[in-house]
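To start, the structure under review is shown below, and the notes come after it.
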Amino acid sequence: MFDQSPQRQSPDSVMLHGFWYRALPSERVRRNRLEKAMLLETPLVVGRDPQGRPFALRDACPHRGMPLSCGRFKGGQVECGYHGWCFDAHSGQCQLIPSLTADQKLQVDRIFAGSFACEQHDDFLWVFIPEPGPARYAFGQIPQQLLAGDTGTVIPASTDEPGTSGRS
């Protein structure tokens, strides 16, 4: 017989990725300030750089997962409030890790906070949420060149090429 009972769907099964979504009213997002937003169960930190251009990053530092919205915006960069890691507001590329010493070989430029395309239209900031990509490496299959120095620190690899939005 035909089952007419309601079917449970996981939240991700009804989400529409690959589209632009309104994140926040444009007047709420001011220069040099950070605002929180949530789109398709993705936490975002949204702001404007000193020139007024909007940006959107995943609201989680790739170091320890601290919300970047708990940090601050300074000089075109988002600074994590936990350990002070700094990320370019538009690309999400790590610019500074204050605790690194000269003898540590960690490649800071290979670390990214997830970035998303963000534009202002019709008095709102809009963010493009891309299709989720597959994991780049299987568990235990991280290439040796991604391991830094003697510490064994793993450098997270983005799932997209540099300069594109939608890094996870």
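All values below were derived from every heavy atom in this structure, side-chain atoms included, with hydrogens, water molecules and symmetry-related copies excluded.
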Tell me the closest heavy-atom pair linking Asn32 and Pro50, and the distance in Å.
OD1-CG, 3.6 Å
Side-chain (Gln93) to main-chain (Asp109) donor-acceptor, under 3.5 angstrom
yes
Do the ring centers of His63 and Trp85 come within less than 6.0 Å of each other?
yes
Side chains of Trp126 and Phe19: does their closest heavy-atom pair fall under 4.5 Å?
no
Taking the side chain as every heavy atom from C-beta outward, state whether Asp88 and Val78 have any pair of such atoms under 4.5 Å apart.
no
Between Gln104 (side chain) and Thr101 (backbone), is there a donor-acceptor pair under 3.5 Å?
yes
Is it true that the side chains of Arg48 and Gln120 contain a donor and an acceptor less than 3.5 Å apart?
yes
Ring-face cation contact, Phe124 with Arg22, 6.0 Å cut, 45° max:
yes
If you take all heavy atoms of Tyr21 and Leu16, which pair is closest and at what distance?
OH-O, 2.6 Å
Give a yes or no answer on whether the side chain of Asp49 reaches the backbone of Gly76 with a donor-acceptor pair at less than 3.5 Å.
no
Could you tell me whether a side-chain N or O of Asp59 sits under 3.5 Å from a main-chain N or O of Leu68, the two making a donor and an acceptor?
yes
Would you say His17 and Pro132 make side-chain contact, with heavy atoms under 4.5 Å?
yes
Is a side-chain N or O of Ser115 found less than 3.5 angstrom from the main chain of Gly92, in a donor-acceptor match?
no
